[in-house]
Undergrad: 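Below you'll find the structure I mean.
This one's a predicted model, so the numbers in the text were calculated from it and none came from an experiment.
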Amino acid sequence: MTEKIGIVGAGIVGLAVARELATTRGAEVTVLEKEGRVAAHQTGHNSGVVHAGIYYPPGSLKARLCREGVALLKDYCAANELPYDEVGKLVIASTRAERPQLSALAERARANGVPGIAELDALALREIEPHAVGVGAIHSPHTAICDFAAVARRLALDVVELGGSVRLSHPVRAIRQRPAGVQVLAGRRRFTFDRLVVCGGLGTDSVARMAGHPGDVRIVPFRGEFYALRGAAKDLVRGLIYPVPDPRYPFLGVHLTRQTDGEVLVGPNAVLALAYEGYGWRNIRNFRQILGWPGTMRLARRHWRTGLKEVRGSLIKGAFLSGAQRYVPELTAADLIRARSGVRAQAVARDGGMVDDFVVDVHDNVVLVRNAPSPAATSSLAIARHIAGIVPALVR
């Protein structure tokens, strides 16, 4: 008999998992998505950067799956004529105090097998980005950009062509585990699967509770807001310009990112959101759940100064601009216009620690992707292979 596997979530990770299971296991896959389109949340609201693997601890799941995922994604985009452009990235130290950390990043990138990493001085970095300034930089020439939403739409077509289905507007309402499988009520339909894989992103906690496995971490949403460069200011940025990240946080700081359509984004910041889909300040619908998790308040108490700084950047354009001017001083307030925002699903432990690596749990017939923030889009095809390898095999 054909194995029946359900996947919750039609973001890029869920769709990649569905495609992988249909291809390698010959499974009949059904993707359940509460929204009316694929890539509605994290996949469709990011900066489109294909990360090369500079930041992640060697040996971590993030480091391994990022490097594997880059190669798979590049080939997939080429095979399906999807945009993919190796525009290159500079990580710039703006002060001498950041030089040691910059060198450490270069060593980490080499340990992860990132190709072409070069350490540059203040003059050499301007050969790559003529309008950028800093005391030094590392250059990753093969860091790329793509359209992750377009990749997700192509993956959804693959799923259907492989005999599966993508059920949009099918929010999961209940899950019951049975010895022989899993029953799922989604929308107005009841489905029975042999296995269920939850790639719920911002909705992970809700689905995990339905499955009876709330776990020891919770998703805490962080809103990232973007500006876009206007008119001729776009010519001030050739590729990707990043700051040296703060090692205390998984966020990379405000950066400048060229897009596949020629636009240039500035951002994102990282503001605690009070709704899982809190793309603006007015949405606070989940504040009780978010603030009710002990880890949220412990995290806030530990990092309140940084939190206030991020809020200031959100509310005051000049504060946001000054972060970008550290690296491209020619920018002015008139060059920046408000653009989209996104929300990052960040797992936080009870003690207030932010979970850094990808986390996947297996509970009998249910597989839960607990934490898959950036670089999950970059790593999606490799994550799918990893998950396919740990979904329990069906024994008849």
Side-chain angles (χ1 to χ4, degrees), residues 44-52 54 77 82-95 98 116 118 120-150 223-245 251-271 279-280 309-310 312-342 374 377:
H45 290 80
N46 58 49
S47 58
V49 175
V50 181
H51 291 284
I54 294 172
C77 288
L82 297 170
Y84 186 100
D85 189 3
E86 293 184 347
V87 295
K89 173 194 283 189
L90 283 181
V91 180
I92 297 178
S94 61
T95 66
E98 292 178 329
L120 309 178
D121 61 19
L123 291 176
L125 74 85
R126 300 200 71 162
E127 294 179 8
I128 306 297
E129 289 283 358
H131 301 278
V133 298
V135 299
I138 58 175
H139 183 219
S140 173
H142 299 290
T143 295
I145 54 175
C146 79
D147 183 341
F148 287 119
R223 183 171 61 255
E225 297 154 334
F226 291 93
Y227 282 86
L229 295 188
R230 185 200 306 266
K234 300 174 190 177
D235 297 331
L236 299 177
V237 180
R238 288 180 172 178
L240 311 174
I241 299 174
Y242 276 62
V244 176
F251 314 113
L252 298 178
V254 171
H255 43 273
L256 296 99
T257 309
R258 183 161 290 279
Q259 306 287 280
T260 56
D261 61 3
E263 296 298 312
V264 177
L265 294 180
V266 182
N269 55 359
V271 179
Y279 295 103
K309 180 181 177 182
E310 294 293 320
R312 183 171 181 269
S314 173
L315 299 176
I316 302 172
K317 183 178 182 179
F320 203 103
L321 173 65
S322 65
Q325 286 177 325
R326 291 183 68 186
Y327 307 98
V328 184
E330 295 174 53
L331 289 173
T332 69
D335 294 326
L336 271 63
I337 55 175
R338 281 276 184 184
R340 63 177 183 263
S341 62
S374 178

Undergrad: So which heavy atom on R338 is nearest to which on S314, and how close?
TA: NH2-O, 2.6 Å
Undergrad: Under 3.5 Å, side chain of R238 to main-chain N/O of V87, donor-acceptor pair present?
TA: no
Undergrad: Indicate yes or no: at least one non-hydrogen side-chain atom of E129 is less than 4.5 angstrom from one of I92.
TA: no
Undergrad: Less than 4.5 Å apart, any side-chain heavy atom of E263 and any of L265?
TA: no
Undergrad: With heavy-atom distances below 4.5 Å as the criterion, would you say the side chains of V91 and V244 are in contact?
TA: yes
Undergrad: Determine the interplanar angle of the Y242 and H255 rings, folded into 0 to 90°, and report it as parallel if under 30°, tilted if 30 to 60°, perpendicular if over 60°.
TA: parallel
Undergrad: Mind checking the CZ-OG spacing from F148 to S47? Nearest 0.5 Å is all I need.
TA: 8.0 Å
Undergrad: Which heavy atom of A52 sits nearest a heavy atom of S140, and at what distance?
TA: CB-OG, 3.7 Å
Undergrad: Taking the side chain as every heavy atom from C-beta outward, state whether H51 and S374 have any atom pair closer than 4.5 Å.
TA: yes
Undergrad: Only one of V237, D335, V254, V328 forms a side chain to side chain contact (heavy atoms under 4.5 Å, CB included) with V266, so which one is it?
TA: V254
Undergrad: Enter the distance from D147:CG to L82:CG here, rounded to the nearest 0.5 Å.
TA: 8.0 Å
Undergrad: With the side chain counted from C-beta on, respond yes when V133 and P329 share a heavy-atom pair under 4.5 Å apart, and no when they do not.
TA: yes
Undergrad: Could you work out, with ring pair (Phe, Tyr, Trp, His ring centres under 6.0 Å) as the rule, every residue matching F320, not counting sequence neighbours?
TA: Y227
Undergrad: Rounded to the nearest 0.5 Å, what separation is found between the NZ atom of K89 and the OG1 atom of T257?
TA: 8.5 Å
Undergrad: For the side chain of R340 and the backbone of N46, is there at least one donor-acceptor N/O pair under 3.5 Å apart?
TA: yes
Undergrad: Is the number of heavy atoms from other residues, nucleotides or ligands under 6.0 Å of K317 NZ greater than 12?
TA: yes
Undergrad: Considering non-hydrogen atoms only, spot the tightest contact between Y327 and P243 and give its length.
TA: OH-CB, 3.0 Å
Undergrad: L256 and side chain to side chain contact (heavy atoms under 4.5 Å, CB included): which single residue from L236, I241, L90 fits?
TA: I241
Undergrad: I'd like to know whether CZ of R312 has more than 12 heavy-atom contacts from other residues, nucleotides or ligands below 6.0 angstrom.
TA: no
Undergrad: Using every non-hydrogen atom in the two residues, find where G134 and A122 come nearest and quote the distance to one decimal.
TA: O-CB, 3.2 Å
Undergrad: Rounded to the nearest 0.5 Å, what's the gap from CG on L240 to CD on Q259? Could you check?
TA: 9.0 Å
Undergrad: Please answer whether the main-chain N or O of K234 pairs with a side-chain N or O of R258 as donor and acceptor at a distance below 3.5 Å.
TA: yes
Undergrad: If you compare all heavy atoms of Y279 against all heavy atoms of H45, which two are closest, and at what distance to 0.1 Å?
TA: CE2-CD2, 3.8 Å
Undergrad: For residues E310 and N269, is any side-chain donor paired with an opposing acceptor at under 3.5 Å?
TA: no
Undergrad: Write down the atom of A132, the atom of L125, and the distance for their closest heavy-atom approach.
TA: O-CD1, 3.7 Å
Undergrad: Distance check, rounded to the nearest 0.5 Å: L229 atom CG versus L331 atom CG?
TA: 5.5 Å
